[in-house]
Amino acid sequence: MRILVVDDSSTMRRIIINTLTKIGYSDYLEAGNGREGVDKLSAGPVGLIITDWNMPEMSGVEFIKAVRANEQTKHIPALMVTTNAAQDDIAQAMAAGVNNYLVKPFTPDSIKEKIQVVLKSAQAA
Amino acid sequence: MQITAQLTAHIVTATVEAFEMMVGHPVELQTQGPEAPADWPSHVAATVAFGGHRNGVVCIHSSATTANTIAGAMLGIEPGEVNGEMPDAMGEVANLVAGAFRTKLAAEEPVSMITVPTVTVGSDFSTHTASGSVRQIYPFRMGNEAVLVELVLMDR
């Protein structure tokens, strides 16, 4: 399964990808903002999106809205990984179509657990 | 306007959590005060501002050597292998600390917004605050290395 990691910080993308590799997911794509994320999705099938919220050009929430508005991509499960952790933030992200939410800073175990929850719920749907 | 014990607790906890979880190097708070130590070797300053209900900045200072140690730890490589990634890594540390600080405040008051990080790298600079602002310096030890966290609140 290919995972699309969208974050404007190359460091954070590397942390997430290192964690994904450790837990057995080595097929991934990277994007530096939502606009690049949309472009990557048009290049081939993706089984999971992991996206930041605060990014230049197109934010994570705008990106997920674009994903959900597209017939080809609306089914892809999405995990938002962000420092935005106020209740209003979470409600806004879920309303945009995010399947689950992880607050930075996070541990490798916590992102692994969230990925498994998102993938399991997507399989059940 | 003052930096209360509650605000201090939030910024210290945010810093400790960010370093423990995302850097993999725990930090320990030393004696805090309004001014940086005179011999402070700040070669890297990563800043995130926040605005809304509260206005101010969170800034992470370190030497270039320590910044490379932090970047290497975050990227999973040796400090000597860090090649241009350090500013992004330090910016992300500032983002993590300021973001967690914002989240802790949001549980008690209207939410503020944070900016994208900016990182200054150099060998001969100092940071100063504008009038109408208050500042607190939080020196941390990361093993044998030093990291300084600066919190500035602006009265506007």
Side-chain angles (χ1 to χ4, degrees), chain A residues 5-23 25-26 28 30-36 50-62 80-93 101-114, chain B residues 13-27 46 48-50 52-53 58 67-68 70-77 81-117 119:
Chain A
V5 179
V6 188
D7 198 307
D8 59 326
S9 166
S10 59
T11 302
M12 188 52 64
R13 292 201 303 272
R14 181 53 47 193
I15 289 171
I16 292 171
I17 287 165
N18 285 347
T19 304
L20 291 174
T21 304
K22 281 179 190 168
I23 63 177
Y25 299 104
S26 56
Y28 56 84
E30 295 182 57
N33 59 56
R35 183 77 58 205
E36 285 182 20
I50 298 176
T51 184
D52 185 22
W53 183 321
N54 298 312
M55 295 181 288
E57 282 200 54
M58 180 186 274
S59 74
V61 165
E62 291 168 332
M80 181 160 276
V81 181
T82 175
T83 58
N84 291 5
Q87 286 301 316
D88 288 351
D89 298 329
I90 296 172
Q92 189 182 340
Y101 204 90
L102 179 62
V103 177
K104 299 174 188 173
F106 57 82
T107 62
D109 283 347
S110 63
I111 192 169
K112 177 182 176 183
E113 185 182 321
K114 289 285 184 180
Chain B
T13 304
T15 304
V16 168
E17 290 175 350
F19 275 82
E20 189 170 316
M21 286 195 247
M22 305 303 296
V23 181
H25 286 301
V27 292
V48 169
F50 52 93
H53 183 72
V58 172
N68 277 338
I70 291 169
M74 295 178 81
L75 294 165
I77 60 178
E81 297 174 32
V82 174
N83 183 21
E85 301 97 335
M86 181 270 282
D88 185 85
M90 288 299 287
E92 190 57 31
V93 172
N95 184 51
L96 290 165
V97 173
F101 179 63
R102 167 191 180 269
T103 297
K104 293 175 192 308
L105 290 177
E108 303 162 355
E109 60 185 39
V111 68
S112 298
M113 303 305 291
I114 61 172
T115 67
V116 295
V119 181

Margin query: Can you tell me if A:Gln87 has over 12 outside heavy atoms packed within less than 6.0 Å of its CD?
Written below: no
Notebook entry, point to check: Given the options A:Asp8, A:Asp89, A:Ile17, A:Val103, which has more heavy-atom pairs under 4.5 Å with chain B than any of the others?
Noted result: A:Asp89
Check: Do A:Arg14 and B:Asp88 pass the side chain to side chain contact (heavy atoms under 4.5 Å, CB included) test, and can you show the C-alpha distance, the side-chain angles, and the key distance before you say yes or no?
Finding: CA-CA 11 Å; A:Arg14 181 53 47 193; B:Asp88 185 85; over 6 Å; no
Margin query: With a sphere of 6.0 Å drawn around NZ of A:Lys112, does it hold more than 12 non-hydrogen atoms of other residues, nucleotides or ligands?
Written below: no
Next item on the list: Would you give the length of the straight line joining atom CG of A:Asp52 to atom CG of B:Asn95, rounded to the nearest 0.5 angstrom?
Entry: 7.0 Å
Item checked: Portion of B:Leu105 that has a non-hydrogen atom of chain A nearer than 4.5 angstrom -> neither
Next item on the list: Dump the intermediate steps for salt bridge (Lys or Arg N to Asp or Glu O under 4.0 Å) on A:Lys104 and B:Glu92, then the final yes or no.
Entry: CA-CA 10 Å; A:Lys104 299 174 188 173; B:Glu92 190 57 31; 3.7 Å; yes
Next item on the list: Verify the neighbour count for atom CD of B:Glu81: are there more than 12 heavy atoms of other residues, nucleotides or ligands below 6.0 Å?
Entry: yes
Check: When heavy-atom pairs shorter than 4.5 Å are enumerated against chain B, which of A:Pro105, A:Pro108, A:Ala86, A:Ser10 gives the highest number?
Finding: A:Pro105
Checklist line | Most chain B-contacting option - heavy-atom pairs closer than 4.5 Å, from A:Thr107, A:Asn54, A:Asn84 | finding: A:Asn84
Check: Are the side chain of B:Thr103 and the backbone of A:Thr83 linked by a donor-acceptor contact shorter than 3.5 Å?
Finding: yes
Item checked: Per-residue contacts, residues 16-23 of chain B versus chain A, heavy atoms under 4.5 Å -> B:Glu17, B:Ala18, B:Met21, B:Met22
Notebook entry, point to check: Nearest heavy-atom pair of B:Leu75 and A:Thr11: which atoms, and what distance?
Noted result: CD2-CA, 4.0 Å
